[in-house]
Amino acid sequence: MIEVVDLTKRYGKVLAVDHLSFRADPGRVTGFLGPNGAGKTTTLRALVGLLHPTSGSATVLGRRYVDLDEPGQRVGAILEVNAFHPGRSGRNHLRTLARAGGIDERRVDEVLEEVDLTAAARRRVKGYSLGMKQRLALAGALLGHPEILVLDEPANGLDPQGIRWLRDLLRRLADQGRTVLVSSHVLAEMAQLADDVVIIAKGRSVAQSSIEAVLVGVGRGTRVRSPERDRLLAALGREGIETAPYEQDALIVKAEAPRVGELAAREGVVLHELVAESGTLEDVFLELTEGESSPS
Amino acid sequence: MRLLAAELLKLRTTRVTYVLIGVAVLMSGLAAAAIVGSGSLGDDGWLELAQGAGFSTTLATIVGILLVTNEYRHGTITTTFLAEPRRVRVLVAKLAAALLAGVALAFASIVTTALVALPWAAARGDALPLDGHALEAVGRMLLGFALSAALGAAVGAIIQNQVGSIIVVFVWFLIVESIVGVLAALVFGDLGEPDPVSPYLPGSALGGIIGGEGSEFMLRGGPAALLALGYVAALAVLAAFSMTRRDP
């Protein structure tokens with residue numbers, strides 16, 4: 001579990017993180033979302049002891065990172081896009097990490113295989129593409145079979161297939177009971193990767209919940225298509241749930257998809273489609289962060 | 001211990017380490033050839049040879065600087081601190097790795113010097129016996145190279161910027177200490193006379209470990225090594241502050 005409580009980091013007059021609190025639970029992929037400069041990286045660096053908070057706390061597994069036994073085997077993290085010596089091979093990079101973290105060197109070849117870098121393992125990192133570097137960084141984070149993963153913008157530089165691969169990997173890791181905290185400034189990525197989201201702007205939390213709930217909370221919701229639209233409308237109305245028409249046989253419902261689905265099942269209404277509406281995610285984001293997003 | 005192993009692996013997996021060892025071999029080989037070739041060796045031929053090879057201590061300082069500043073330059077310091085968040089331990093491992101890297105450079109220089117000087121001197125009939133003088137020369141070389149590398153690592157950890165560290169160290173050694181020497185002479189006596197300041201500066205202390213024979217401006221051997229060790233220790237304390245206070 002990751003817990004951030006009242007975290008504040010001030011650089012001179014700039015308040016990078018302002019009394020931020022949130023938690024990330026085991027078994028979930030928690031997205032940490034915000035425009036560039038919102039304080040995401042500062043928060044994540046404070047979490048793993050790379051910077052000293054001005055006040056408040058950021059703990060991993062109930063402790064400060066520096067107080068963990070064998071942090072290299074319990075927490076895996078990516079905090080820099082390109083933290084490699086360009087002249088060292090990918091494999092040797094991982095060997096130095098394994099040695100420092102007290103991790104069996106056999107893991108090096110395993111993680112290289114996991115991120116599909118075996119063929120390039122003995123080449124110097126200088127010649128790697130951005131996507132390959134991201135995968136190498138991920139391999140480094142996975143070395144110690146960590147219970148906790150803290151990944152700053154891991155999807156940066158990945159192509160659509162890479163993002164899908166990352167999503168599947170993070171899903172698998174979360175399903176194994178690990179805690180996964182992953183940051184991004186790109187919403188579309190987050191919608192694909194995360195179960196829960198923490199949205200921050202100007203160092204402050206502006207929303208925290210499941211992705212669906214965030215959408216619903218600001219007026220978007222679930223898109224539902226049914227041949228028995230009117231019966232569904234009546235049932236939703238009885239529950240006091242707001243609805244809005246959408247195409248001829250579809251509705252936008254201001255409720256989470258599971259609730260809509262369960263209600264329809266109880267009422268025996270046939271559904272043809274039940275979608276957590278994410279087409280308007282960008283609008284939600286802009287609304288929440290008060291338009292201070294930056295070009296992605 | 002495993003942090004030291006990781007640091008040594010970092011050294012072994014970058015090319016620049018081998019390039020610097022190669023340069024040390026070349027420099028000490030040339031120096032040995034120049035010294036033996038210039039005529040008969042004096043009573044203490046080994047020490048003359050050691051002084052020739054001693055120029056390569058600058059390479060040891062560079063290795064020490066790179067050992068720390070490469071990590072800041074390439075951002076790998078974050079992964080290093082993730083593996084060991086207690087930064088003072090990282091610093092200790094790096095200082096130890098620098099000492100060992102210095103020893104390796106000294107070893108390469110000693111072997112090269114011996115390989116060039118021994119057969120040549122023997123062929124010419126010069127005596128170059130493997131006696132106490134030889135042992136002293138080897139000891140001075142090992143100390144001089146190891147402390148030079150450790151000083152580089154400590155300065156690198158204080159300044160953290162690679163180019164900045166290299167410039168500061170060499171400007172200090174080559175320019176600042178000379179200026180201080182001149183000023184000290186003006187204040188305390190005459191130019192060309194020994195003054196009470198310049199022998200105790202870090203550069204002349206390091207230089208005196210191997211060299212210093214015949215110079216009134218330098219300490220020699222053991223005292224020089226002790227003073228240099230003191231400087232390295234003081235810089236290491238500053239480095240510990242700099243590394244723990246300044247977040248990467």
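Note: hydrogens, waters and symmetry copies are ignored here, and every other heavy atom, side chains too, is used. Order of the sequence lines fixes the chain letters, A, B, ..., with proteins taken first and strands second; residue numbering starts at 1 for each chain.
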- Query: Among A:Arg88, A:Arg99, A:His85, A:Arg95, which residue meets the side-chain contact (heavy atoms from CB on, under 4.5 Å) test with B:Lys10?
  - Reply: A:Arg88
Does atom [atom1] of [X] have more than 12 heavy-atom neighbours from other groups under 6.0 Å away?
X        : atom1 : answer
B:Tyr200 : OH    : no
B:Phe170 : CZ    : yes
A:Arg64  : CZ    : no

- Item | When A:Ala83, A:Gly140, A:Gly49, A:Ala137 are compared by non-hydrogen pairs under 4.5 Å with chain B, the top option | A:Ala83
Testing the basics here: between [X] and [Y], what is the closest heavy-atom pair and its distance to 0.1 Å?
X       : Y        : answer
B:Arg2  : A:Ala100 : NE-O, 3.1 Å
A:Tyr65 : B:Phe81  : CE2-O, 4.3 Å
A:Pro71 : B:Pro85  : CG-CD, 3.6 Å

Side chain from CB out, backbone as N, CA, C, O: work out which of these in [X] comes under 4.5 Å of a heavy atom of chain B, or both, or neither.
X       : value
A:Phe84 : backbone
A:Asp67 : neither
A:Leu51 : both

With rounding to the nearest 0.5 Å, note down the distance linking [atom1] in [X] to [atom2] in [Y].
X       : Y       : atom1 : atom2 : answer
A:His93 : B:Thr79 : NE2   : OG1   : 5.0 Å
A:Leu50 : B:Leu82 : CG    : CG    : 5.0 Å
A:Asn92 : B:Thr14 : CG    : OG1   : 9.5 Å
A:Ile78 : B:Thr78 : CD1   : OG1   : 10.5 Å
B:Thr76 : A:Leu97 : OG1   : CG    : 9.0 Å

- Using non-hydrogen atoms only, which part of B:Arg246 is less than 4.5 Å away from chain A: side chain, backbone, both, or neither? neither
- For B:Arg73, is it the side chain, the backbone, both, or neither that has a heavy atom closer than 4.5 Å to a heavy atom of chain A? neither
- Top residue by heavy-atom pair count (under 4.5 Å) with chain A, among B:Arg87, B:Glu71, B:Glu84? B:Arg87
